[in-house]
Protein chains: 2
Amino acid sequence: MSLTHAPAGAVRQGSLRELNLALVLGRIAAADRPPSRADLATATGLTRATVSAVVEDLLAGQLVSESDPAPRSGAGRPARGLVLADQGPAGLGLEVNVDYLAVCVVDLAGQVRHRTVHRADLRPVAPADALAQLVEMAGVARDDATGQGLTLVGAALAVPGLVDDAGLVRLAPNLGWRDVPVPALLAAHPPLVEQVPGVPVLVVDNEANLAALGELHSRPPGPSSFLHISGEVGIGAGIVLDGALFRGVRGWSGEIGHLPVHPEGRACRCGGQGCLEQYAGQEAIVAAAGLARAELPADTATARLAELAEAGDADALRALHDAGTALGVAVAGVVNLLDLDTVVLGGGYAALAPWLCPPVLAEIASRVLTAAWSPVTVRPSTLGAEAAAVGAAGSVVRRIVAQPAGWLARSG
Amino acid sequence: MSLTHAPAGAVRQGSLRELNLALVLGRIAAADRPPSRADLATATGLTRATVSAVVEDLLAGQLVSESDPAPRSGAGRPARGLVLADQGPAGLGLEVNVDYLAVCVVDLAGQVRHRTVHRADLRPVAPADALAQLVEMAGVARDDATGQGLTLVGAALAVPGLVDDAGLVRLAPNLGWRDVPVPALLAAHPPLVEQVPGVPVLVVDNEANLAALGELHSRPPGPSSFLHISGEVGIGAGIVLDGALFRGVRGWSGEIGHLPVHPEGRACRCGGQGCLEQYAGQEAIVAAAGLARAELPADTATARLAELAEAGDADALRALHDAGTALGVAVAGVVNLLDLDTVVLGGGYAALAPWLCPPVLAEIASRVLTAAWSPVTVRPSTLGAEAAAVGAAGSVVRRIVAQPAGWLARSG
DNA sequence: GCAAATAATTCAATGGCTGAACAAATAGCG
DNA sequence: CGCTATTTGTTCAGCCATTGAATTATTTGC
């Protein structure tokens, strides 16, 4: 999803308005204080007359609303501030993970307006049943959203696995899913969202990708290029380049868990040898720390590790240091390749960041050619748990912001 | 450089024509046979009236010319084919490398219209002297181009090293350059190219990046996302994603030579350990093959290797296999991360591809998670030597094609 | 030689932006 | 308290590029 939407085909008179609607709305979304029409005119280069006309359309379409004037010193007629509407279109975020189902609603401004999490071990549950339960949760979410004056205009589902263009989940190893036709299964249920031109009714995507998108749009705005690593049982990465998620040729980018860090090392489920996952995956860390894994559900394993590390447990500290070193080798490679200056540790890694960051930074310092000139930041994710669900919902509303014309055409 | 140029700021009436000029010109450039105005109308979605008007501008500006009608069966007035002009704007490509200087001129259609290579060991030559010699060669090239009816509208210089945004060569290890202010040094000479709005007079970029761009625009058109690896003394990669070169946050992407392939392995010049360069760099292969390196200039070393391998020399074959395996480990990591389906071996690797490809493919097959669903192609570069110079010149004319309005404004 | 077919151009109508003039609303100053 | 300077936002004529239909141009096939 590109933020600046380039018209692919013919550029006609109407495209002009479409592009300027997106331009103005994007400015309003990016501003840190409510801008006036005059501010927008100088920022965009449009005349005040045009901005007024564009804003009128946006107001009529419930995409922005006027707020209290931003305080200003000096003479002159006071400005009317413009903010993203807290009523109007909203995105539905869905997530199926190993040990929970999550649903949330995010409004235009990126605020989470509804959130439900249902904790349960999903591995023994059939995909259709899991999705049915998710739909039920989504129904409640929609009613809540409607009550708040929001209209759901699209949904995105995060899954911990490989998803193809059609929404088919090819493989979600930790969930035990294989070739699950999510769109077909969801089509059996009544529709959850309103159809809006330019916004797909349902997008199915990798959890790591959507978590990275959530990080991209979190406040305060961070860098526009970064690597977001979700460390769970598997290790996935979302690659954000120039403000857009890079999905790869087939949409299967980000499999950082299978970067070889010890080419002749431990065998991996993927068929390769010495994959990062075997050294920095949750199971590997837990085993190295000497914790019996069977007794621990996935989400409490990291909490327990953090607890032990906090208490100074030597085994836990060593396990985390070794995992961080392996992670650092992989990250150093990625940074050498892509020249990123920010790495975000998300998922289970977020809580372990205090112990993982130092060895990761050490590997970067010694292995990255350009580290001397361009320091690399490694930090935990700002979004907490269920980041993928929030990112999923956010990805829907970002589409509205990037192409408001579709929504406006709908609501007349 | 994005092919579809999204207007960053205000979209005014004139932008409309600018965008449609780019749209139509881009179609003409991408077509494999000269399209008629009617073809362009159906392809772009514009009306024939608009296409005629746009084409008139392009004809007046010497960007396209009418060709013999494309053969067509059936009744009706015959179409007039449109092709990119073989007179008009052209790009100047420059390259400084370890053992040669190269200059070339590429026209709108991507044809190389002039080419000069001067072989010499540039390591003992001061940067200012090397650039002065290059300028002299470029002067000859410009005169040749002018004689052919071409106007140079921009230049790009390829350097085997790290270049920052301002054109400062921070480090070119194999050339022995450090903090060389190329634009300042070239400013001392009379200008080589005409100034055109939207086209920088001089771009300095990494050799691997520009070689990748050359590959991107070579005929027949290949994939729009791929990894181009230049294997010389160092190993650099150009990463092309969705038809655009990915430069990274600082412009220092593609340092694949320093991907760790044996984290506890050989020490590398960069300060790291076990970098790919130590296992698949030219010096490493030559040493492993048992060739005395000192006697061989860089460009004959690979030729000699290929010769030996062709003859079945066991040491050479083993050295190439090991290098290919190391390369494969690194490439597998990249493919896992970026989900690319094409890897191009360029530079010194091109000639060694017959022996490098099999082990690279073997590593990909065993290490890439998605290899089973999405086969990865590994092939040698189609451009020969001096690919970077051709890519550099091509990058200039691609700007004209992407934003023709600037050139048209100039030539009135 | 005429009809059918395809290519390209002409021209009034339309939509959206610009620029300048105007209306609205406030602070500062005597 | 009233006047002026200042800034915001709106109105309106003019302009520009696209559209769509009608027109002209040029060939094939009967």
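Convention: sequence-line order gives letters A, B, ...; per-chain numbering from 1. All values derive from a computational prediction rather than experimental measurement.
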Quick one: CD on A/E18 to CD on A/Q13, what's the gap to the nearest 0.5 Å? 12.0 Å

Among residues two or more places apart or on two chains, list those pairs meeting side-chain hydrogen bond (donor to acceptor under 3.5 Å, both in side chains) that have a residue in residues 193-203 of chain A. A/E194-A/R410

Just to verify, what does A/V83 make a side chain to side chain contact (heavy atoms under 4.5 Å, CB included) with, not counting sequence neighbours? A/P34, A/S65, A/S67

Which nucleotide span of DNA chain D, 5' end to 3' end, has atoms closer than 4.0 Å to non-hydrogen atoms of chain B? D/dC16 to D/dT28

Would you kindly give the CG-to-P distance between A/D57 and C/dC17, to the nearest whole Å? 9 Å

Contact class for A/S36 (heavy atom, under 4.0 Å): base, sugar-phosphate, or nothing? sugar-phosphate

Tell me which of A/S52 and A/R12 sits closer to the 5' end of DNA chain D, going by the nucleotide each one is nearest to. A/S52

Value in whole Å for how far the C1' atom of C/dG16 lies from CG of A/N20: 9 Å

Partners meeting salt bridge (Lys or Arg N to Asp or Glu O under 4.0 Å) with A/E66 (sequence neighbours left out): A/R37, A/R80

Run the side chain to side chain donor-acceptor pair (under 3.5 Å) test against B/N20 and tell me which residues pass, sequence neighbours left out. none

Please identify each residue that fulfils side chain to side chain donor-acceptor pair (under 3.5 Å) with A/S224, with sequence neighbours left out. none

Of all residues at least two apart in sequence or in a different chain, which pass the side chain to side chain donor-acceptor pair (under 3.5 Å) check with A/R250? B/S374

Would you give the length of the straight line joining atom CD of A/E215 to atom OG1 of A/T382, rounded to the nearest 0.5 angstrom? 4.0 Å

Rounded to whole angstroms, how far apart are CG on A/L19 and P on C/dC17? 10 Å

Round to the nearest Å and state the distance from B/Q13 atom CD to C/dG15 atom P. 13 Å

Reckon B/R37 has a side-chain N or O less than 4.0 Å from the OP1 or OP2 of C/dT9? yes

Please tabulate, for the side chains in residues 51-59 of chain A, all donor-acceptor contacts under 3.5 angstrom to protein atoms that are two or more places apart in sequence or on a different chain.
{"unit_1": "A/S52", "atom_1": "OG", "unit_2": "A/R48", "atom_2": "O", "d": "3.4"}
{"unit_1": "A/D57", "atom_1": "OD2", "unit_2": "A/R17", "atom_2": "NH1", "d": "2.7"}

Summarise protein proximity over nucleotides 19-30 of chain C in one line of letters, 5' to 3': B for base, S for sugar-phosphate only, - for none, counting protein heavy atoms closer than 4.0 Å. B----BBBS---

Which residue lies toward the 5' end of DNA chain C, A/R17 or B/E66, if each is placed at its nearest nucleotide? B/E66

